[in-house]
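Scroll down for the structure; my scribbles are underneath it.
Each ligand, and each atom within it, is numbered from 1 in the order the structure gives.
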Amino acid sequence: MTPIQALHKYFGYTEFRHQQEAIIRQLLNGGDALVLMPTGGGKSLCYQLPAVLLPGLTIVISPLIALMKDQVDSLNINGIPAAYLNSGQNNEEQQDIINRLKAGKIKLLYLAPERLFSSESRLVTFLKSLPISLIAIDEAHCISHWGHDFRPEYLMLSHFKTEFPAIPVIALTATADKLTRQDIQDKLALQNPAVFISSFNRPNISYTVSPKKNNYQQLLEFLSIRKDDSGIIYCLSRASTEDLAADLREQGFTAEAYHAGLDNEIKARNQEKFLRDEVKLMVATIAFGMGINKSNVRYVVHYDLPKNIEGYYQETGRAGRDGLPSEALLFFSAGDAFKLQRFAKVDGNEEQSRIMLKKLDDMVKYCQLQTCRRQYLMHYFNEPFPEHCGSCDVCLTEFKKFDGTVLAQKALSAVTRLNQRFGTTYVIDFLRGSKSEKIREEHKQLKTYGIGTDVSKADWQRYFAQLINQGLLQVTDDQYPVLKLTDASEAILKGNQKVEFILAEETAMAAEIQTPVYEGGLLQDLKTIRFNLAMNENVPAYIILSDAALLEMATYLPQNMNELGNVSGFGEVKLKRYGEAFLNAITNYSQQHGLSSQMSSKRTKPAPRSKAPRSSSAGTTQRESFDLYRSGKSIAEIAAQRSLSSTTIESHLCSFIQTGEMNVAEMVPQHKMQPIQNAAESYGTDRLAPLKEVLGDGYTYAEIKAVISWLKRDA
Ligand code: ADP
Ligand code: ZN
């Protein structure tokens with residue numbers, strides 16, 4: 001079985017994400033790998049899929065028992081035999097697992113690090129008697145002092161390479177910085193590891209910062225249109241998590257609090273309720289979240305200012321693991337920043353204080369940005385990113401900037417004509433040529449009267465606010481405030497300087513990723529079915545199927561098992577076990593509402609790769625173009641000679657980049673490679689137009705197409 005076939009069969013997915021395929025190949029070839037991928041990027045699959053394909057056992061080291069259970073449940077439900085050993089199990093349970101291991105009936109074994117190498121542990125000796133194929137170390141940054149989550153027991157993992165010298169090791173983390181990365185490599189003694197660094201961008205999360213004013217009211221508004229969604233609200237103090245959770249419950253939300261000061265039992269119970277969708281809202285300190293694998297968290301709110309970008313990014317990253325559009329909302333006040341400054345100062349450690357204050361400062365800068373927030377975040381993690389993401393609050397507003405010079409001139413001359421003696425309302429009525437008797441007769445005779453009739457009152461109000469903000473007008477402090485010119489006004493009136501206006505309301509073009517039109521009633525039915533199945537299996541709902549899979553079904557309405565198998569997330573085993581329950585609901589609903597299958601409009605799964613030799617996979621007309629190109633002709637010349645468009649010739653050449661016969665460098669300068677790759681990772685490769693838009697004029701369609709072909713090249 002090839003990796004792509006296994007992906008389809010066991011996990012029900014159509015394509016690999018990020019560099020999953022290359023990582024998997026590295027392991028199947030017996031090499032070590034270090035994988036840096038953002039939260040939700042799909043790290044687990046990088047070792048779970050090889051584990052299925054390799055003959056022996058895969059050992060997975062993971063720091064959190066809760067997470068292990070989740071992963072093992074998920075694997076078993078997909079028909080992959082997996083188990084974990086931990087101190088919570090009784091002798092009998094442990095013995096059962098050991099027997100199954102001896103019989104070769106388990107493909108993946110999850111362990112906490114301290115179980116392995118502690119002095120009295122005989123586990124290593126036992127494991128050595130088994131055929132081990134692969135060792136995976138999750139949350140590998142825990143081995144480093146430089147990471148934000150050092151765990152001393154992880155240091156014991158350095159014994160792996162001495163105890164199991166010939167077994168490939170894969171280390172995975174979502175922490176990107178260089179120091180930590182090097183430390184992981186050294187401490188684990190990875191041998192010549194292939195290092196895979198994915199883009200840290202999370203394109204399905206949109207970022208918004210809102211002034212912390214009436215924030216409770218703002219929060220209620222935000223939540224009121226997300227009543228069915230799960231979300232996390234982070235607060236700074238333990239007390240405020242409990243207060244806020246209580247307030248929200250009073251408003252009719254299902255909310256629980258979580259912080260380190262609660263009893264373990266309460267913590268576990270609240271977390272479980274959240275995982276199982278019995279509680280939609282978790283109000284928590286940052287103690288909550290590590291290892292929370294819940295894929296349908298739709299939003300993360302920071303009710304207070306986070307201390308640094310690293311933490312903030314990790315916390316927001318808990319939203320949208322299923323790839324559906326999700327929100328990150330932060331309330332910012334200068335007061336919060338001031339408060340945190342005091343915390344940041346560590347007595348007697350100047351160096352530490354300096355670093356913490358610098359990190360806080362970077363966080364504050366993020367909140368005060370006038371430029372794309374995603375770009376700032378990506379640059380913070382040393383990753384290039386274009387100027388506009390199109391889905392943060394700044395981009396959404398900025399997209400509508402326009403040249404407002406003429407409007408500004410009209411406004412300023414109205415103020416001048418009225419001798420700087422009237423307030424905004426009067427000036428706007430005057431500009432709009434109001435017939436009202438409130439406008440003095442002599443003013444109705446002026447040339448400026450009515451020169452702004454084409455602009456609505458509301459829009460004029462926004463433009464005046466911006467003129468004031470930009471210092472081009474000022475408002476007096478009097479009881480009846482009037483508009484006055486400023487020193488800067490003259491240059492505008494004389495036409496020596498331009499003015500830019502922003503349209504205040506947000507554009508809907510927001511995210512490229514938009515939720516498709518789906519059958520709401522059906523989605524509810526499907527959720528109920530999933531909920532019941534989850535109860536029966538005693539697992540959280542998202543382990544049965546992700547929200548994304550339900551949404552797909554409610555959108556494309558598959559009408560038979562075959563079509564259902566093409567829904568993302570339905571591997572063979574899941575299809576057999578649960579397919580019918582969902583299918584019945586869909587066909588019933590469709591009949592009642594006179595609907596039919598829309599599966600043909602869903603992107604189809606790629607056909608299994610042909611076994612044909614590479615060179616034949618590009619056709620003859622393509623080859624003709626390629627041969628001409630090889631003979632030294634330019635694309636334009638070939639196009640002319642063959643009476644085809646240049647675009648067609650470019651596509652022909654790209655097919656040879658994909659087969660590996662042509663080097664991508666022939667079509668794309670080196671410095672453009674990475675930005676195009678990043679854009680492709682962030683926005684997908686289905687449509688070129690959005691990529692062209694983010695990359696800008698410096699990039700041609702041909703270059704973008706070439707890099708995409710290169711990314712899709714046959715392995
Ligand atoms: P990470 O450990 O990197 O935070 P996970 O391994 O939990 O991320 O994966 C996040 C989600 O993405 C999971 O629901 C997983 O099933 C899903 N996923 C992983 N790889 C793919 C893929 N190739 N196609 C579709 N979904 C995927
Ligand atoms: Zn942006």
Side-chain angles (χ1 to χ4, degrees), residues 3-4 6-8 10-21 23-24 35-49 60 62 64 67 70-71 74-75 77-78 80 136 138-140 170 172-175 196 198 200-209 289-297 314 317-324 328 366 369-379 385-399 506-507 510-512 540 542-549 552 567-571 574 605-606 682-684 693-694:
I4 189 89
L7 182 72
H8 195 162
Y10 288 100
F11 299 92
Y13 298 140
T14 46
E15 301 169 319
F16 285 108
R17 275 191 194 160
H18 297 281
Q19 294 148 299
Q20 282 174 334
E21 191 169 14
I23 296 165
I24 289 164
V35 172
L36 294 93
M37 219 187 255
T39 313
K43 285 188 283 298
S44 326
L45 198 102
C46 299
Y47 55 84
Q48 291 175 345
L49 193 139
V60 185
S62 168
L64 294 150
L67 185 63
D70 232 44
Q71 295 235 352
S74 263
L75 286 163
I77 277 184
N78 274 324
I80 303 168
D138 208 1
E139 312 284 358
I170 173 174
L172 310 106
T173 174
T175 303
F196 298 91
S198 294
F200 270 64
N201 183 25
R202 295 287 309 278
N204 60 319
I205 301 180
S206 51
Y207 301 91
T208 304
V209 177
M290 161 86 149
I292 294 301
N293 218 0
K294 190 174 167 60
S295 67
N296 65 344
V297 175
Q314 189 144 38
R318 293 183 182 131
R321 276 166 181 258
D322 53 12
L324 295 177
Y366 168 83
L369 283 178
Q370 306 275 336
T371 54
C372 175
R373 294 200 206 275
R374 191 185 307 273
Q375 184 193 43
Y376 180 92
L377 291 168
M378 291 302 104
H379 285 182
F385 198 84
E387 259 174 56
H388 282 286
C389 74
S391 60
C392 71
D393 53 350
V394 180
C395 282
L396 286 170
T397 331
E398 228 182 15
F399 254 62
E506 292 187 353
T507 58
E512 272 296 322
Y542 62 86
I543 288 193
I544 302 288
L545 273 179
S546 70
D547 280 13
E552 239 182 64
V567 169
S568 177
F570 265 117
K574 266 189 196 169
K605 291 195 179 188
S682 304
Y683 294 89
E693 198 174 309
V694 290

Should D138 and K43 count as an ion pair when the cut-off is N to O under 4.0 Å? no
Please could you name the atoms of ligand 1 that T39 approaches to less than 4.0 Å, counting only its heavy atoms? 4 (O)
Please list the nearest protein heavy atom to atom 12 (O) of ligand 1 with its residue and the distance rounded to 0.1 Å. R17 NH1, 3.0 Å
Who's the nearest protein heavy-atom neighbour of atom 1 (P) of ligand 1, and how far? G40 N, 3.5 Å
Going by the atom numbers of ligand 1, which of them fall below 4.0 Å from some non-hydrogen atom of E15? 22 (C), 23 (N), 24 (N)
Relative to the heavy atoms of F16, which atoms of ligand 1 are at a distance of less than 4.0 Å? 23 (N)
Nearest to atom 20 (N) of ligand 1, what protein heavy atom do you find, and at what distance? Q20 NE2, 3.0 Å
Provide, to 0.1 Å, the distance between atom 11 (C) of ligand 1 and the closest protein heavy atom, together with that atom's residue and name. R321 O, 3.6 Å
Given P38, S44, G12, which has its nearest heavy atom closest to atom 6 (O) of ligand 1? S44
Quick check on the Zn ion (ligand 2): does H388 put an N/O/S atom closer than 2.8 Å to it? no
Does any donor atom in the side chain of T371 or E387 lie under 3.5 Å from an acceptor atom in the other side chain? no
Do the non-hydrogen side-chain atoms of I77 and K574 ever get within less than 4.5 Å of each other? yes
Which one of Y47, F11, Y13 has a non-hydrogen atom at the shortest distance from atom 15 (C) of ligand 1? Y13
What is the nearest protein non-hydrogen atom to atom 8 (O) of ligand 1, stated with its residue, atom name and distance? G42 N, 3.2 Å
Heavy-atom closest pair, residues V394 and C372: CG1-N, 4.1 Å
Tell me if a side-chain donor or acceptor on E552 pairs with a main-chain N or O of S568 at a distance below 3.5 Å. yes
